[in-house]
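See below for the structure under consideration.
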Amino acid sequence: MVLEKLKNIIAEQLDVEKEDIKLESSFQNDLGADSLDVVELIMAIEEDFEIEIPDEDAEKISIVKDAVDYINNNK
Amino acid sequence: MNNRVVITGIGVISPIGIGKDNFWKALVAGKSGVDYITRFDTTDYATKIAAEVKDFDPVNYIDKKEAKRMDRYTQFAVAASRLAIDDAKINTDEIDNERFGVIFGSGIGGIETFEEQKEKLINKGPKRISPFFIPMMIGNMAAGQIAIAFNAKGPNETVVTACASSTNAIGDAFKVLQRGDADILITGGSEASITPIALAGFSSMKALSTNNDNPQKASRPFDKDRDGFVMGEGSGVLILETLEHALNRGAKIYAEVAGYGSTCDANHITTPLEDGSGAKRAMELAIKDAKVDKSKINYINAHGTSTYYNDKFETLAIKNLFEESLYNIKISSTKSMTGHLLGAAGGVEAIATTLAIKNGIIPPTINLVNQDEECDLNYVPNTAIKEEVNYALSNSLGFGGHNATVLFKKYE
């Protein structure tokens, strides 16, 4: 459920195909994001999941699984 | 010896058509691009009309993800540049990229992005401002994105002189090539400021036409019933190249850029000098720079905004400069059709001037029905005319007192 919703956000933000988004995909190395894309992606996650991700936590989110775990632990 | 500089490619995204063929066809036909504003609700605005670019889909020219990170003004700029590069048949893998640059104009930059993000700031707070806000909004990013799209590693600059921006950019590009600091430059300008706050701002200045009942008749330069300019948007791009480089690669040549003049009124923030002397000196300098006798000039693409002051004082400037050769000169304001593209105006008007030279046809000033007695020159009213053009000027005058003129000549 979380993963499905997250995949939609990532696909929209980074203009990638949903089937290319895996739990172990790195935003910057596999999904073509640059550092600004990652900031914007984190903002979209905060907005859509109605959570706050402080900068020090956001820095640790580099693969899809990091985001899923963070959302599950904080919602 | 200075290099000669020629135009080898044209790209245009305009309210009267996308691509040089559609643009030219519309100009010769006297078609207006003005209509009711569709991009936002104008209920509370005194002016409800503008010349919007229709049927523009950025993904026809730009990668979808890249396009999302661009303000509309940058999308226009990159799209028009692509059309111009294709037209010039430049293979960017085969040229010296370090001698290939961009000198571009925009009056305002990414104002639509600015407005969207300001609204976000108010409604959602500072943490919701996009990290792309600054790079999308800044006025030099069109030049930056054009360079990225075409791997142009040479000189890269942006000129901001309000409505004279593109003409100053073209003039500056001409000088860079003339002195040998580059082989090819992408030049011209872009603007996309038909937005709520810009419309409201120009409206407060009483600069805009409020002829909401007759959109296609609202932009009427030199006509007695003119009541202000009509905002336009789009981008006009020229590929300028040293003659030597153009000949070596067998490029087609539209016309030559032969002179440039740039002055300032140093008088008032928005109103032109009453004797038109700032604009007159810009034309004079361009003619002197080209080393041509002024009697040889037979076409001027005027700034001709359809405001009371501009058209009156620009007419005076032309009269004071040309004296006895005055009545050989045909003048037209293509803003009567395109609206006023502000910082992109000089780009699309340089293209109109170039195509007039190339095709031997002078585009008209439409809506010139009741000519103002103070504007008593030949403005090619309403219908295009066939006439060979050997030397032509394109004028642009901007808030801040900027005056810029580029002289184009037939390539021989």
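Order of the sequence lines fixes the chain letters, A, B, ..., with proteins taken first and strands second; residue numbering starts at 1 for each chain. Side chains are part of it too, since the values below use all heavy atoms of this structure and drop only hydrogens, waters and symmetry mates.
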**Request:** Heavy-atom distances under 4.5 Å only: say whether B/Ile129 touches chain A with side chain, backbone, both or neither.
**Result:** backbone
**Request:** Pick one of side chain, backbone, both or neither for B/Lys68, based on which atoms fall under 4.5 Å of a heavy atom in chain A.
**Result:** side chain
**Message:** Using side-chain heavy atoms (C-beta onward) and a distance below 4.5 Å, is A/Val64 in contact with A/Leu3?
**Reply:** yes
**Asked** Under a 4.5 Å heavy-atom cut-off, does chain B meet the side chain of A/Glu52, its backbone, both or neither?
**Response** side chain
**SB check B/Lys20 B/Asp87 (cutoff 4.0 Å)** = yes
**Message:** Salt bridge or not between A/Asp37 and B/Lys65? Use side-chain N to carboxylate O under 4.0 Å.
**Reply:** yes
**Message:** For B/Gln145 and B/Thr74: C-alpha separation, side-chain torsions, deciding distance, then whether side chain to side chain donor-acceptor pair (under 3.5 Å) applies.
**Reply:** CA-CA 7 Å; B/Gln145 290 278 22; B/Thr74 301; over 6 Å; no
**Asked** chain A: which of B/Ser130, B/Pro131, B/Pro135 shares the most heavy-atom pairs with it under 4.5 Å?
**Response** B/Pro131
